[in-house]
Undergrad: 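Take a look at this one; I'll ask things after.
Numbering of residues begins at 1 and proceeds along the displayed sequence.
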Amino acid sequence: FKNGILGSVIEDHLYSDLYHLLNATIEATIEDYKQAEDSEVKDDLQRNLAYLTVGLRLLDPNGKLPDIGGADKLAEVDYKSCRRGIRAKSVIFNQNVDFSYCTPWGWYANSDKVSRFYQSYQWLSKVYFPFRNVTVNTLSGGGNSFRRAVLLYRSLTLAKVGQSQAILLWNRVGNGFALCGMDAYYRIHTILPPDLSSVLDRSRGSFTRLLDIVSQPYARTKLMLKIRKQRPVQLGSTSIFEIGSGGKAPDDLEVFRFFPLIQPSESNWLRHVGHEFKTETDEPTPTPLSLLTLHGH
């Protein structure tokens, strides 16, 4: 019943919301790219454009955007990996990614619109921006992930769909999954765009001023502390310099995501039933484990 409601909401509302949201955020990012003078900042914006472009192409395969600074070439590589559903290295993020999560399954594959929405949403939420402050070589790295997160947030807040702010569409999409109890980001050290709203309100203003803020070590650390105070996400007392430098596994890092992670209700059911599963030695007529997996899908 819940899946049926969510499927209808995606078909009638969220698909269109995400489409307009991505187009508007891309336009805002292009405007910042035109203003940028520093080559490293331009590379960060180019990678953000590629990231958003992959999401848009998964949603609308016929969509074509102007190639800004080579963003289209980066997007093409990760887009193909998403479509193939393989484990590969993301050239946009310099992360090893299991792209199979972009493959729709179960009821997500029953509708073309829902299927494409699922692929796009999974890409936009699964890949992440670690809150490190390391500028990586632009030829082989993923750019400055902290600055990229701030610039992506700025694009989202500046973007407009008609006369309305694009962030309102973000709320509709994010809340759609939250109301269904599928958003799992509270259990993961994740920072979402609304969590930055009170500490990055100046990002709506001068582009040069924002870049100045994120380039100063003291200002960056102060910004992280403000984020931590705004919403406790178990960041600990680590400064922006130490995050990512202590040998933590990627899953343990404090990261920024464009959308909250979602956990399909089928997975919750499997996890519950799995605890009660009994082997053949414990049960005269056991349930084959493969049937549980099949039923979950």
Undergrad: At their closest point, which heavy atom of A109 faces which heavy atom of S115, and how far apart are they?
TA: CA-CB, 4.4 Å
Undergrad: Taking the six-membered ring of F129, is NZ or CZ of R148 closer than 6.0 Å to its centre and within 45° of its axis?
TA: no
Undergrad: Just wondering, do L18 and L169 contact through their side chains at under 4.5 Å, heavy atoms?
TA: no
Undergrad: State whether R57 and E76 are salt-bridged, where the test is any N-O pair (Lys NZ or Arg NE/NH1/NH2 against Asp/Glu carboxylate O) under 4.0 Å.
TA: yes
Undergrad: Considering all heavy atoms of both residues, which atom of V41 and which atom of A36 are nearest to each other, and what is their separation?
TA: CG1-CB, 4.0 Å
Undergrad: Show your reasoning for whether side-chain contact (heavy atoms from CB on, under 4.5 Å) applies to Y79 and T53.
TA: CA-CA 9 Å; Y79 173 74; T53 298; over 6 Å; no
Undergrad: Checking salt bridge (charged side-chain N to carboxylate O under 4.0 Å, His left out) against R147, which of D38, D44, D43 comes through?
TA: D44
Undergrad: Is there a side-chain contact between L261 and K126 in this structure, where contact means two heavy atoms from C-beta onward sitting under 4.5 Å apart?
TA: yes
Undergrad: Return the minimal non-hydrogen interatomic distance between L49 and I26, and the atom names on each side.
TA: CD2-O, 3.7 Å
Undergrad: Shortest non-hydrogen contact from L21 to A166?
TA: CD1-O, 3.4 Å
Undergrad: Sub-3.5 Å donor-acceptor pair from the side chain of S16 to the main-chain atoms of D12, do we have one?
TA: no
Undergrad: Are C82 and Q122 packed together at the side-chain level, in the sense that at least one heavy-atom pair is separated by less than 4.5 angstrom?
TA: no
Undergrad: Are L124 and L22 side-chain neighbours, meaning at least one heavy-atom pair lies under 4.5 Å?
TA: yes
Undergrad: Using the side-chain contact (heavy atoms from CB on, under 4.5 Å) rule, take V9 and I5 through it: C-alpha gap first, then chi angles, then the decisive distance, then the call.
TA: CA-CA 6 Å; V9 170; I5 290 178; 4.3 Å; yes
Undergrad: Any side-chain to backbone donor/acceptor pair from S120 onto G55? Under 3.5 Å, distance only.
TA: yes
Undergrad: Measuring from atom CZ of F99 to atom CD of Q119, what distance do you get when rounded to the nearest 0.5 angstrom?
TA: 12.5 Å
Undergrad: With rounding to the nearest 0.5 Å, note down the distance linking NZ in K113 to CG in L59.
TA: 9.5 Å
Undergrad: Could you work out, with ring pair (Phe, Tyr, Trp, His ring centres under 6.0 Å) as the rule, every residue matching F259, not counting sequence neighbours?
TA: Y121, W170
Undergrad: In Å and rounded to the nearest 0.5 Å, what is the NZ to CD1 distance from K80 to I86?
TA: 11.0 Å
Undergrad: Working to the nearest 0.5 Å, report the span between CD1 of I167 and OG1 of T157.
TA: 7.5 Å
Undergrad: If you compare all heavy atoms of A75 against all heavy atoms of V54, which two are closest, and at what distance to 0.1 Å?
TA: O-CG2, 3.4 Å
Undergrad: Do Y128 and F93 make a side-chain contact, defined as non-hydrogen atoms from C-beta onward lying under 4.5 Å apart?
TA: no
Undergrad: Determine yes or no for a side-chain-to-main-chain donor-acceptor pair under 3.5 angstrom, with S8 supplying the side chain and G4 the backbone.
TA: yes
Undergrad: Distance from L151 atom CG to T29 atom OG1, nearest 0.5 Å?
TA: 8.5 Å
Undergrad: Take atom OH in Y19; do more than 12 heavy atoms of anything else shown fall under 6.0 Å from it?
TA: no
Undergrad: For residues L58 and R83, determine if any side-chain heavy atom of one lies less than 4.5 Å from a side-chain heavy atom of the other.
TA: yes
Undergrad: Has the side chain of R47 got a donor or acceptor atom that lies under 3.5 Å from a matching backbone atom of I92?
TA: yes
Undergrad: Do you know which two heavy atoms are closest between K42 and E37, and how far apart they sit?
TA: CD-O, 4.2 Å
Undergrad: Are the side chain of N96 and the backbone N or O of R87 linked by a donor-acceptor pair below 3.5 Å?
TA: no
Undergrad: Just do the side-chain contact (heavy atoms from CB on, under 4.5 Å) check on N48 and Y33 with the steps written out, would you?
TA: CA-CA 10 Å; N48 282 357; Y33 184 89; over 6 Å; no
Undergrad: In Å, rounded to the nearest 0.5 Å, how long is the span from OG of S164 to NE2 of H20?
TA: 11.5 Å
Undergrad: Do Y118 and I10 touch side chain to side chain, with heavy atoms closer than 4.5 Å?
TA: no
Undergrad: Do F117 and V173 make a side-chain contact, defined as non-hydrogen atoms from C-beta onward lying under 4.5 Å apart?
TA: yes
